[in-house]
Amino acid sequence: MIRRGSLGRRNVAPQADLPPPLTWKERLLAFLRWDPLVNGLLATGIVVGFVHGWLKIRFPSPVTTFLFDLFLIAALMVVVMRAPRGDSFFPRGSVGSAIKLFLLVQAFYVLVPMGPPLIIKAAAMRGWSFAMLMFCMGYKITRDQAQVKSYYYVLILLGVFTAFYGMQQSPAEIEKMMQEDENFAARYQFTYYANTGGGRTLRVFSTFISSGAFGGTMAYVVMFAIVLFTEKTVGKTERLLLIGASLPVAYGMILSGSRSSLVTLGMGFLLIAWHRKNLVSFVVFPAVVVLVLKLASDFTSGAAMDRFSSLSSLDDVIARNTIPTRIGWEYMLENPFGGGLGRSGYSVPFFLFKMMPIETYTADGDLGRLLIEMGAVGVLFFGNILWAAGQLIYRSLTQLRGTSVDAVALASGACFLMGVGSFPSGSPFIGIPMGALTWFFLGTLQKLADEYRQNSAKPMGPRTPAPDLSAPTKPKKHFLYYHPK
């Protein structure tokens, strides 16, 4: 059970109540201090998500296809089985209610005798619904801010590793693999963009399923580094390490050729700058992005600069976010209720399509897939989730600004906002691993907000005499701030 402590108290506690600083090892492994089994399974799943594309290439089998899901399902099952009787798995509030409604809509689409075969519809529902359950996971397992921050550190380390791996990918290597493996060629034949010299430049995808997933995840990682960097309690050594980690990660994002990732990172940056009101936020990290863009441009003989310079045109930015959804809008006009789960082909394993070939209509982003599969009904109910989440983020960040959990709340809110920004052209809500991260950290944000409101509503007790600071005292428990060893 979680004790009701002083979450978010704005008054300064006596020095004797402050917790001792955590060591580097404690910061990195803090997620294992609360329920090591569940958090260990979740962290392993996240690691698998970062190398899922590499695993599917090197060890093609149904096991590697579903390996990411297996670890997260195991963690979910443990959480459900340990929950007290009568305790709802879905957090109370508008977001939890909106997610339940959307899950019911998906179940309806599975059972209705229309569209693709039942097994394909069930596989597609897994893609839409499974990531959303991470919202419940984030809410249920969050115990202290050190735990959540340790996930940020793990993600930053994974980002650095996969970014360096991506730097080693070469067009010659990819071309050779395409010639040797027809499945690989079918999956990555369009992982290029045209350059001004008339040739084509590889969109690096590192260990991920696609270059879009690689670039989008790297944008998340850079955003986590920004939040930690701008926290007032962070020391100089940690700031230098965060800048050092951000350079290769941002460089990998640029090599992915994902323009939407740079746009969403800008959205996250603006939210952080608004929330922090810190001049350093306005200067340091934009300079880092410009630097890595210049380096990537030199590495690609100017192709990267040509590609990303299109973002300076508002018309190009609008077109970049509307073209991927055009097929979805056109399909919905002809089929107002969509073509059924699985019609877009997303989240359905290749081997199922080989067993049961169906006609698919492919869209690049989650929004286009939603339009194709569930039509106006899907837009209505998923839009309800986004509206509820937007209200939660604004209300929570306003309430938690200046509290001890300010950084955790800001990173979680920025993560979801960036997901909304890439909704038309990317896969921030159902992709691997972005979908799980987006929903998980939204759950941590609601947990912070709920605990803050509960603590604020508690009546103040009678004043007690000031403590004798000369006598040794035992640090008190602060929810999401400290717990005794």
A.B. asks: Above 12 or not: heavy atoms from other molecules or residues under 6.0 Å from CG of Leu104?
C.D. replies: yes
A.B. asks: I'd like to know if Arg143 and Asp35 make a salt bridge, using a cut-off of under 4.0 Å between side-chain N and carboxylate O.
C.D. replies: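 Result for this pair is no, no salt bridge flagged.
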A.B. asks: Let me see the working for Leu42 and Leu72 under side chain to side chain contact (heavy atoms under 4.5 Å, CB included), right down to the final yes or no.
C.D. replies: CA-CA 6 Å; Leu42 177 60; Leu72 300 190; 3.5 Å; yes
A.B. asks: Measure across Cys415 and Phe224 and return the closest heavy-atom pair with its distance rounded to 0.1 Å.
C.D. replies: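 The answer is SG-CZ, 4.3 Å.
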A.B. asks: Just by distance, do the side chain of Thr325 and the backbone of Gly328 share a donor-acceptor pair under 3.5 Å?
C.D. replies: no
A.B. asks: What distance separates Ser206 OG from Gln168 CD, expressed to the nearest 0.5 Å?
C.D. replies: 10.0 Å
A.B. asks: Please, which pairs that meet side-chain hydrogen bond (donor to acceptor under 3.5 Å, both in side chains) have at least one residue in residues 115-126, sequence neighbours excluded?
C.D. replies: Asp69-Arg126
A.B. asks: Using a 6.0 Å cut-off, check whether atom OH of Tyr394 has over 12 heavy atoms from anything other than its own residue.
C.D. replies: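 Counting neighbours around OH of Tyr394, 12 or fewer heavy atoms of other residues, nucleotides or ligands fall under 6.0 Å, so no.
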A.B. asks: Show, in sequence, the C-alpha distance, side-chain angles and deciding distance for Phe382 and Phe423, and conclude whether the ring pair (Phe, Tyr, Trp, His ring centres under 6.0 Å) test is met.
C.D. replies: CA-CA 11 Å; Phe382 198 88; Phe423 187 32; 5.2 Å; yes
A.B. asks: Name the atoms and distances for all side-chain donor-acceptor pairs under 3.5 Å in residues 431-445, with sequence neighbours left out.
C.D. replies:
residue, atom, partner, partner atom, Å
Thr438, OG1, Tyr220, OH, 2.7
Thr438, OG1, Pro428, O, 2.9
Thr438, OG1, Met434, O, 2.8
Trp439, NE1, Phe429, O, 3.1
Thr444, OG1, Ser412, OG, 2.9
Thr444, OG1, Phe441, O, 2.6

A.B. asks: Just how far is it from atom CD of Gln145 to atom OH of Tyr152, taken to the nearest 0.5 Å?
C.D. replies: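 With rounding to 0.5 Å, CD (Gln145) is 9.5 Å from OH (Tyr152).
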A.B. asks: State, with a plain yes or no, whether a side-chain heavy atom of Tyr109 is found less than 4.5 Å away from one of Glu373.
C.D. replies: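 Sidechains of Glu373 and Tyr109: no contact.
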A.B. asks: Search all heavy atoms of Ala30 against all heavy atoms of Ala146 and return the closest pair with its distance.
C.D. replies: CB-O, 3.4 Å
A.B. asks: Taking C-beta and beyond as the side chain, do Met253 and Ser258 meet within less than 4.5 Å on heavy atoms?
C.D. replies: no
A.B. asks: Between the main-chain N or O of Phe31 and the side-chain N or O of Ser150, is there a donor-acceptor pair closer than 3.5 Å?
C.D. replies: yes
A.B. asks: Between OG of Ser427 and CZ of Arg369, what distance do you get to the nearest 0.5 Å?
C.D. replies: 4.5 Å
A.B. asks: Tell me whether Phe184 at atom CZ has more than 12 heavy atoms from other residues, nucleotides or ligands lying less than 6.0 Å away.
C.D. replies: yes
A.B. asks: Can you establish whether the number of heavy atoms outside Met177 located under 6.0 Å from its atom CE is more than 12?
C.D. replies: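 Enclosed.
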A.B. asks: Quick one: pull up OH in Tyr139 and CG in Asp450 and give me the separation to the nearest 0.5 Å.
C.D. replies: 3.5 Å
A.B. asks: Can you list the residues that meet the side-chain hydrogen bond (donor to acceptor under 3.5 Å, both in side chains) rule with Tyr188, with sequence neighbours excluded?
C.D. replies: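 Listed in chain order: nothing, the list is empty.
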A.B. asks: Verify side chain to side chain contact (heavy atoms under 4.5 Å, CB included) between Phe205 and Ile174, making sure each step is shown before the conclusion.
C.D. replies: CA-CA 10 Å; Phe205 52 88; Ile174 302 304; 3.7 Å; yes
A.B. asks: If we only count heavy atoms from C-beta on, is the Cys136 to Phe90 side-chain gap below 4.5 Å?
C.D. replies: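 Result yes, sub-4.5 Å side-chain heavy-atom pair found.
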A.B. asks: Do Leu37 and Arg82 come close enough that some side-chain heavy atom pair is under 4.5 Å?
C.D. replies: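 Leu37 vs Arg82: side chains touch.
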A.B. asks: Minimum heavy-atom separation for Lys140 to Ser88, with atom names?
C.D. replies: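 So the two residues come closest at NZ-O, 2.8 Å.
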A.B. asks: Can you give me the closest heavy-atom contact between Gly421 and Thr264, atom names plus distance?
C.D. replies: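 Reported closest heavy-atom pair: C-CG2, 3.6 Å.
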A.B. asks: Quick check: closest heavy atoms across Gly342 and Pro116, and the distance to 0.1 Å?
C.D. replies: C-CG, 4.1 Å
A.B. asks: Is the backbone N or O of Gly216 less than 3.5 Å from a side-chain atom of Ser261, with the two atoms forming a donor-acceptor pair by type?
C.D. replies: yes
A.B. asks: Can you find a pair of side-chain heavy atoms, one from Tyr452 and one from Leu448, that are under 4.5 Å apart?
C.D. replies: no
A.B. asks: Could you list the donor-acceptor pairs under 3.5 angstrom formed between side-chain atoms of residues 155-165 and any protein atom two or more places apart in sequence or on another chain?
C.D. replies:
residue, atom, partner, partner atom, Å
Thr162, OG1, Leu158, O, 2.9
Thr162, OG1, Gly159, O, 3.2
Tyr165, OH, Trp54, NE1, 3.4

A.B. asks: Of all heavy-atom pairs between Arg453 and Gln399, which one has the smallest distance, and what is that distance?
C.D. replies: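 So the two residues come closest at NH1-OE1, 3.5 Å.
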A.B. asks: Side chain to side chain contact (heavy atoms under 4.5 Å, CB included) with Thr23: which residues, sequence neighbours excluded?
C.D. replies: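 Lys25, Glu26.
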A.B. asks: What orientation do Phe68 and His52 show, parallel under 30°, tilted 30 to 60°, or perpendicular over 60°?
C.D. replies: tilted
A.B. asks: When rounded to the nearest 0.5 angstrom, what distance separates CD1 in Ile226 from CG in Leu265?
C.D. replies: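 Answer rounded to 0.5 Å: 5.0 Å.
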A.B. asks: Test side chain to side chain contact (heavy atoms under 4.5 Å, CB included) on Ile327 and Thr362 and set out the steps.
C.D. replies: CA-CA 8 Å; Ile327 185 175; Thr362 305; 5.8 Å; no
A.B. asks: Under the criterion side chain to side chain contact (heavy atoms under 4.5 Å, CB included), I'd like the reasoning laid out for Ile385 against Met132: C-alpha separation, chi angles, the key distance, then a yes or no.
C.D. replies: CA-CA 10 Å; Ile385 297 177; Met132 287 185 179; 3.8 Å; yes
A.B. asks: Any luck finding a side-chain donor-acceptor pair between Trp34 and Asn39 under 3.5 Å?
C.D. replies: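 Trp34 vs Asn39: no donor-acceptor pair found between side chains.
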A.B. asks: Taking side chain as C-beta onward, heavy atoms only, is Val249 less than 4.5 Å from Ser246?
C.D. replies: no
A.B. asks: Mark yes or no for whether Gln446, through its side chain, and Phe135, through its backbone, hold a donor-acceptor pair below 3.5 Å.
C.D. replies: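 A pair under 3.5 Å: no.
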A.B. asks: Is Leu392 close to Arg395 at the side-chain level, that is, under 4.5 Å between some pair of heavy atoms?
C.D. replies: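 Counting from C-beta outward, Arg395 and Leu392 do come under 4.5 Å.
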A.B. asks: If you measure from CG on Leu380 to CE on Met374, what distance do you get to the nearest 0.5 Å?
C.D. replies: 12.0 Å
A.B. asks: Under 3.5 Å, side chain of Arg203 to main-chain N/O of Ser256, donor-acceptor pair present?
C.D. replies: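 Yes, the answer is positive, given that a donor and an acceptor are paired below the 3.5 Å cut-off.
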A.B. asks: Measure from the side-chain N and O atoms of Thr64 to the backbone N and O of Lys56, and report whether any donor-acceptor pair falls under 3.5 Å.
C.D. replies: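 Not at all, since once roles are kept as given, no pair shorter than 3.5 Å links the two residues.
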A.B. asks: Mind checking ring pair (Phe, Tyr, Trp, His ring centres under 6.0 Å) for Phe214 and listing every partner two or more places apart, or none if nothing turns up?
C.D. replies: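 By the ring pair (Phe, Tyr, Trp, His ring centres under 6.0 Å) rule, Phe214 matches Phe208.
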A.B. asks: For Lys100, does the NZ atom sit with more than 12 other heavy atoms under 6.0 Å from it, leaving out its own atoms?
C.D. replies: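 Enclosed.
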A.B. asks: So, do Leu271 and Met223 sit near enough that their side-chain heavy atoms are less than 4.5 Å apart?
C.D. replies: no
